[in-house]
Amino acid sequence: MITHTHRPLRVVLYEGSGSIALPAESRAKVMMALLDQGYTVTRSGHGASAVPHDDRSLLVLGAFEGRAPALEDATGLVSIDTRDITGLAPDAIVALVSKSRGDKPMNEPGKWKPWFPVIDYSRCTNCMQCLSFCLFDVYGVSEDNKIQVQNNDNCKTNCPACSRVCPEVAIMFPKYQAGPINGDEINESESGREKIKVDISSLLGGDIYSALKDRSAAAKSRFSKERSPDKALDERKKCLTKLVGDGFIPADVLASLPSTEEILKKAEIAKAKAAAALAAQ
Amino acid sequence: MSSPATILYCRCAYAQVVPTGVKNDVLQQLCASEASFETVSDLCEMAAHRDPRLQAIAACSKLRIAACYPRAVKGLFQQAGFPLPAETEILNMRTQTAAEITESLLRSDS
Ligand code: SF4
Ligand code: SF4
């Protein structure tokens with residue numbers, strides 16, 4: 001499921017013929033304020049190409065000296081509104097845009113954080129470990145049996161744990177602070193990778209992870225015979241608490257973990273999906 | 001004469017991981033130039049809901065993008081279903097200076 005789909009108005013700062021150019025400082029102030037509120041802004045000047053338009057409403061701002069032209073889209077698909085901004089201060093221009101937008105819904109910064117894994121397919125080997133690892137169904141398999149991020153809304157904000165389980169360092173979170181999770185180049189000689197993998201296996205209480213990874217009957221029976229679900233859950237919580245304490249994952253991930261039964265069920269489903277995709281390759 | 005480049009600036013407004021000084025300077029320098037350019041509030045936000053505007057952007061020739069790490073930006077477009085052309089130039093406001101970035105964005109090829 002994808003939410004937060006309200007696209008913003010496209011605002012065009014028109015400085016071509018028939019309009020006076022704004023002072024550079026005011027132009028920058030207006031653009032910063034509009035972008036920080038979530039709008040998309042095009043500066044229409046000279047010397048570079050504009051991105052073609054889509055089906056959204058267009059708001060054209062220009063210093064037309066009281067003569068804002070009435071414009072109509074030749075295809076009839078897009079509504080175009082023009083506004084004269086002659087002599088207006090940056091704040092007044094931003095207020096004009098808000099008024100013009102009215103109560104049309106729009107995504108706005110500050111109300112939601114776009115946090116989800118992004119796969120670097122130039123590194124990904126389609127091993128499916130991320131699919132097996134994630135307890136919140138973020139990953140899925142495409143029709144052609146490739147790993148895919150399918151439910152990015154399910155991802156726990158600020159939790160980059162799955163990036164550490166990927167043996168190819170192919171999972172990025174662009175809003176993360178540090179590299180290589182933020183997309184920074186990977187130092188192939190990084191020695192911490194093995195250690196990280198051990199952390200993750202303990203994060204899941206050991207047995208669940210190895211059961212998923214090995215996909216062997218032996219691992220499966222060891223899980224069911226040697227550990228009671230309660231014990232596995234206790235152990236997982238202890239390890240998660242440690243990772244929360246280390247500041248690697250946020251506390252609410254711990255609070256929102258599914259029940260042990262659900263985890264086991266999810267693990268089975270993920271394992272079956274991964275096995276089917278791997279077999280079909 | 002060759003066709004002009006398309007310049008795109010990402011504001012990273014939904015979670016500011018790009019240093020404010022750099023992103024403000026880049027925008028100010030673009031605004032001080034004569035060039036047309038496109039700005040978006042947050043490419044991650046657009047990729048999260050597969051905004052079709054990413055397709056329009058990816059279809060532009062000679063694209064230059066000021067955002068963050070090239071691997072992340074390419075991944076976002078690809079994951080949204082609109083891979084960037086291989087020759088797209090991605091400037092990284094997390095690691096480069098504003099001067100380096102605007103010089104590359106506004107460079108004339110002719
Ligand atoms: S764990 Fe990494 S390499 Fe394996 S499928 Fe997931 S992204 Fe690809
Ligand atoms: S692409 Fe990079 S610069 Fe743009 S919003 Fe995402 S993290 Fe920020």
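From a predicted model like this one, the values you see are computed outputs, not experimental measurements.
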Notebook entry, point to check: What do the steps show when you test A:M172 against B:Y69 for side-chain contact (heavy atoms from CB on, under 4.5 Å), and what is the final call?
Noted result: CA-CA 10 Å; A:M172 303 175 281; B:Y69 291 101; over 6 Å; no
Check: A:M31, A:K113, A:E25, A:K29: which one forms the most heavy-atom pairs within less than 4.5 Å of chain B?
Finding: A:M31
Checklist line | SB check A:R43 B:E34 (cutoff 4.0 Å) | finding: no
Next item on the list: Tell me, out of A:Q37, A:Q148, A:R10, who's got the most heavy-atom pairs with chain B below 4.5 Å.
Entry: A:R10
Notebook entry, point to check: Heavy-atom distance under 4.5 Å between the side chains of A:N107 and B:D42, does that happen here?
Noted result: no
Note to self: Between B:L43 and chain A, with a heavy-atom cut-off of 4.5 Å, which part of the residue counts as in contact: side chain, backbone, both or neither?
What the structure shows: neither
Item checked: Heavy-atom closest pair, residues B:A32 and A:A24 -> CA-CB, 3.9 Å
Checklist line | Check: B:Q28 main-chain N/O paired with A:R27 side-chain donor or acceptor under 3.5 Å | finding: no
Next item on the list: Answer with side chain, backbone, both or neither: which region of B:N24 has an atom nearer than 4.5 Å to a non-hydrogen atom of chain A?
Entry: both
Notebook entry, point to check: Distance-only, no hydrogens or angles: does the B:S41 side chain make a donor-acceptor pair with backbone N or O of A:T40 under 3.5 Å?
Noted result: no
Item checked: Considering all heavy atoms, the nearest B:Y14-A:W112 contact -> CD2-O, 3.4 Å
Item checked: Toward chain B, the part of A:Y39 with a non-hydrogen atom under 4.5 Å -> backbone
Check: Side chain, backbone, both or neither: which part of B:C44 has a non-hydrogen atom closer than 4.5 Å to chain A?
Finding: both
Next item on the list: Could you please state which residues from residues 93-101 of chain B sit under 4.5 angstrom from chain A, measuring non-hydrogen atom to non-hydrogen atom, sorted by number, or 'none'?
Entry: B:R94
Item checked: Which portion of A:Y176 sits near chain B, non-hydrogen atoms under 4.5 angstrom -> backbone
Item checked: Residue among B:A56, B:A15, B:C68, B:S33 with most heavy-atom pairs under 4.5 Å to chain A -> B:A15
Margin query: Using every non-hydrogen atom in the two residues, find where B:Q79 and A:V118 come nearest and quote the distance to one decimal.
Written below: OE1-CA, 3.3 Å
Checklist line | Which of B:M46, B:R11, B:R64 touches chain A most, by non-hydrogen pairs under 4.5 Å | finding: B:R11
Checklist line | With sequence neighbours excluded, residues passing side chain to side chain donor-acceptor pair (under 3.5 Å) with A:T86 | finding: A:D84
Notebook entry, point to check: What residue in B:V73, B:L63, B:D51 has the most heavy-atom pairs under 4.5 Å with chain A?
Noted result: B:D51
Note to self: For chain A, which candidate among B:V18, B:I57, B:L76 shows the most heavy-atom pairs at distances under 4.5 Å?
What the structure shows: B:L76
Margin query: Taking side chain to side chain contact (heavy atoms under 4.5 Å, CB included) as the criterion, tell me which of A:P180, A:P174, A:S122 meets it with B:R71.
Written below: A:P180
Notebook entry, point to check: Is the side chain of A:Y121 donor-acceptor paired with the backbone N or O of B:Q78 at a distance under 3.5 Å, no angle test?
Noted result: no
Item checked: For B:S104, side chain to side chain donor-acceptor pair (under 3.5 Å) partners two or more places apart -> none
Checklist line | Portion of A:D184 that has a non-hydrogen atom of chain B nearer than 4.5 angstrom | finding: both
Note to self: Taking 4.5 Å as the heavy-atom cut-off, does anything in residues 80-89 of chain B contact chain A, and if so which residues?
What the structure shows: none
Note to self: Any salt bridge linking B:K23 with A:D36? Criterion: basic side-chain nitrogen under 4.0 Å from a carboxylate oxygen.
What the structure shows: no
Next item on the list: Dump the intermediate steps for side-chain contact (heavy atoms from CB on, under 4.5 Å) on B:Q16 and A:K175, then the final yes or no.
Entry: CA-CA 8 Å; B:Q16 295 84 355; A:K175 299 288 198 195; over 6 Å; no
Notebook entry, point to check: Run the side-chain contact (heavy atoms from CB on, under 4.5 Å) check on B:Y9 and A:L35 step by step: do they pass?
Noted result: CA-CA 10 Å; B:Y9 166 90; A:L35 289 168; 3.9 Å; yes
Checklist line | Part of A:M32 within contact of chain B (heavy atom distance under 4.5 Å) | finding: both
